[in-house]
Amino acid sequence: MRTIASCYSEHAIKVSDSYCSRPSNRACLSPSLIPSIQKAVTCIYKARLSDQKQFLITLNWCNNLVGQGFSINVSNDLSSSCFKSNAVSQQFRNNRGTRTFELCDSRIEVFWDLSRAQYDSGPEPINGFYVIVLADSELSLLLGDMEEEPHVRKLINGIPVAKFCLVSRSEHFSGNAVYLTRVQFCDTGTAHDILIKCSAEDGGSRNPVLSVSVDNKKVIQVKRLRWNFRGNQTIFVDGLLVDMMWDVHDWFFNPSSGSAVFMFRTRSGLDSRLWLEEKNLKNKEQEKVEFSLLICACKNPD
């Protein structure tokens, strides 16, 4: 019997693995295109401890007057209930250090070292750094490429490892209507180059066209964008259905703001099977980890 995912994949645009071997997201960018500047990045991770406690760990990377900086927010509110969430936010101004705080009877420890971090064009380091979060002495987040360093191994060796994963990533850009990023939609997948471009068919400012490319393969093209300023389409990447949604209303009808939103959200075919028994659907939802990429784009006036 055919699955819903296989039915969707027939109509979704597929991205094959042969496109996914480029070492840098700059490789798929034409020399004539000048990408927008990435101003800030927010990553949200979900961690589950051995005692089933769950936390959301939010990292904000941004550019400031003295260089790059980051902050951490830890919350135990994973639901959409109306109760006030319990959260602790910490701003880190030093390149290296530790911080300890309490959250709902849990001890949260943060260790970081950005003193040798290397950056590309954005505020998020690409290598030469580490960020470690311990919750009740369990490793709840490990970022960076320095886990083999002796002082890092001393921190993480021999302690329980919680289940943690990236569930959301938001990027803020400003500049031209060209947005370039690199993203991994699932833990078992490969990293993909995503290029979003808004240009005119006639070379002027009229008849704008929105195009989205994944690994240098055009997967979405929206013509008459002024009238199709909101919409969605499905692509098929790494065996996953990915919904791509766009809203560029303010580009045309609120020029003082000039902002647009693009979202990529993973899902499975089960999301559309409304006739499933509710308890079976809930079990599947608990096992599945969805991921979303949000791009907030501000472009210069035409």
Side-chain angles (χ1 to χ4, degrees), residues 38-79 81 83-172 184 187 289 291-292 294 296:
Q38 189 183 69
K39 294 292 188 180
V41 176
T42 300
C43 297
I44 302 178
Y45 302 85
K46 183 170 72 173
R48 176 180 293 178
L49 307 186
S50 58
D51 60 1
Q52 302 306 308
K53 282 185 181 179
Q54 296 188 69
F55 297 96
L56 288 180
I57 304 172
T58 303
L59 264 70
N60 295 291
W61 303 94
C62 61
N63 289 319
N64 52 43
L65 295 176
V66 295
Q68 288 83 2
F70 80 104
S71 63
I72 287 182
N73 179 282
V74 182
S75 170
N76 68 341
D77 182 20
L78 302 182
S79 66
S81 67
F83 294 102
K84 183 179 180 180
S85 64
N86 295 294
V88 176
S89 181
Q90 300 287 322
Q91 179 76 38
F92 303 107
R93 295 181 175 86
N94 298 324
N95 284 334
R96 178 191 302 170
T98 64
R99 189 74 59 85
T100 302
F101 50 91
E102 299 291 326
L103 174 64
C104 293
D105 299 324
S106 291
R107 178 182 174 87
I108 309 296
E109 301 169 86
V110 182
F111 307 85
W112 74 95
D113 188 349
L114 307 177
S115 59
R116 291 177 288 170
Q118 300 290 322
Y119 297 85
D120 196 355
S121 58
E124 188 179 24
I126 55 176
N127 55 52
F129 77 102
Y130 70 81
V131 176
I132 297 172
V133 178
L134 305 182
D136 292 336
S137 299
E138 291 189 32
L139 181 61
S140 301
L141 184 65
L142 173 61
L143 300 178
D145 58 347
M146 298 176 64
E147 56 185 281
E148 296 303 322
E149 294 285 329
H151 59 286
V152 177
R153 293 182 63 86
K154 184 178 179 180
L155 287 173
I156 64 177
N157 279 359
I159 65 173
V161 179
K163 294 181 179 179
F164 59 89
C165 62
L166 178 66
V167 296
S168 175
R169 178 181 174 88
S170 302
E171 303 183 14
H172 294 258
Q184 185 174 337
D187 292 338
V289 177
F291 169 78
S292 64
L294 181 67
C296 300

Check: Which pair of heavy atoms, one from Gln184 and one from Phe291, lies closest together, and at what distance?
Finding: O-CE2, 4.0 Å

Next item on the list: I would like to know whether Thr98 and Glu109 meet side chain to side chain contact (heavy atoms under 4.5 Å, CB included); could you show each step before the answer?
Entry: CA-CA 7 Å; Thr98 64; Glu109 301 169 86; over 6 Å; no

Check: Do Thr100 and Arg107 come close enough that some side-chain heavy atom pair is under 4.5 Å?
Finding: yes

Check: How many angstroms lie between atom CD of Glu147 and atom CZ of Arg153, to the nearest 0.5 angstrom?
Finding: 8.5 Å

Margin query: Looking at every non-hydrogen atom in both residues, tell me the closest pair between Pro125 and Leu114 and how far apart they are.
Written below: CG-CD2, 4.4 Å

Check: What closest approach, in Å, do Leu139 and Leu134 show between heavy atoms, and which atom pair accounts for it?
Finding: CA-CD2, 3.7 Å

Checklist line | Flag, side chain of Asp120 to backbone of Gly122, donor-acceptor distance under 3.5 Å | finding: no

Notebook entry, point to check: Could you go step by step and tell me if Ser137 and Ile159 meet the side chain to side chain contact (heavy atoms under 4.5 Å, CB included) rule?
Noted result: CA-CA 7 Å; Ser137 299; Ile159 65 173; 5.9 Å; no

Item checked: Residues in side chain to side chain contact (heavy atoms under 4.5 Å, CB included) contact with Leu294, at least two apart in sequence or another chain -> Ser170, Val261, Met263, Cys296

Notebook entry, point to check: With distance as the sole test, does Asp145 use its side chain to make a donor-acceptor pair with the main-chain N or O of Gly128 at under 3.5 Å?
Noted result: yes

Check: In Å, rounded to the nearest 0.5 Å, how long is the span from CD1 of Ile44 to CG of Leu166?
Finding: 9.0 Å

Next item on the list: Indicate yes or no for a side-chain donor-acceptor contact from Asp136 to the backbone of Glu138 under 3.5 Å, with no hydrogens or angles considered.
Entry: no

Notebook entry, point to check: Near Asp51 CG, under 6.0 Å, is it more than 12 heavy atoms from other residues, nucleotides or ligands?
Noted result: yes

Checklist line | Interatomic distance, Leu141 atom CG to Phe111 atom CZ [nearest 0.5 angstrom] | finding: 13.0 Å

Check: Does the side chain of Val133 come within less than 4.5 Å of Tyr45's, by heavy atoms?
Finding: no

Check: Can you name the closest pair of heavy atoms from Phe55 and Leu49 and give their distance?
Finding: CE1-CD1, 3.6 Å

Item checked: Residue from Ile57, Leu59, Leu142 passing side-chain contact (heavy atoms from CB on, under 4.5 Å) with Val131 -> Leu59

Item checked: From Ile126 atom CD1 to Tyr119 atom OH, the distance as rounded to the nearest 0.5 Å -> 10.0 Å

Notebook entry, point to check: At what distance, to the nearest 0.5 angstrom, does OH of Tyr130 lie from CZ of Arg116?
Noted result: 9.0 Å

Next item on the list: Write down the atom of Pro123, the atom of Ala40, and the distance for their closest heavy-atom approach.
Entry: CG-CA, 3.9 Å

Check: Heavy atoms, side chains only, cut-off 4.5 Å: are Trp112 and Leu143 in contact?
Finding: no

Notebook entry, point to check: What distance separates Lys163 NZ from Arg48 CZ, expressed to the nearest 0.5 Å?
Noted result: 7.0 Å

Next item on the list: Indicate the atoms forming the closest heavy-atom contact of Asn76 with Cys104, along with that distance.
Entry: ND2-SG, 3.3 Å

Note to self: Would you say that more than 12 heavy atoms from the other residues, nucleotides or ligands in this model lie under 6.0 Å from the NZ of Lys39, or not?
What the structure shows: no

Margin query: Could you tell me if the side chain of Thr58 sits less than 4.5 Å from the side chain of Ser75, heavy atoms only?
Written below: no

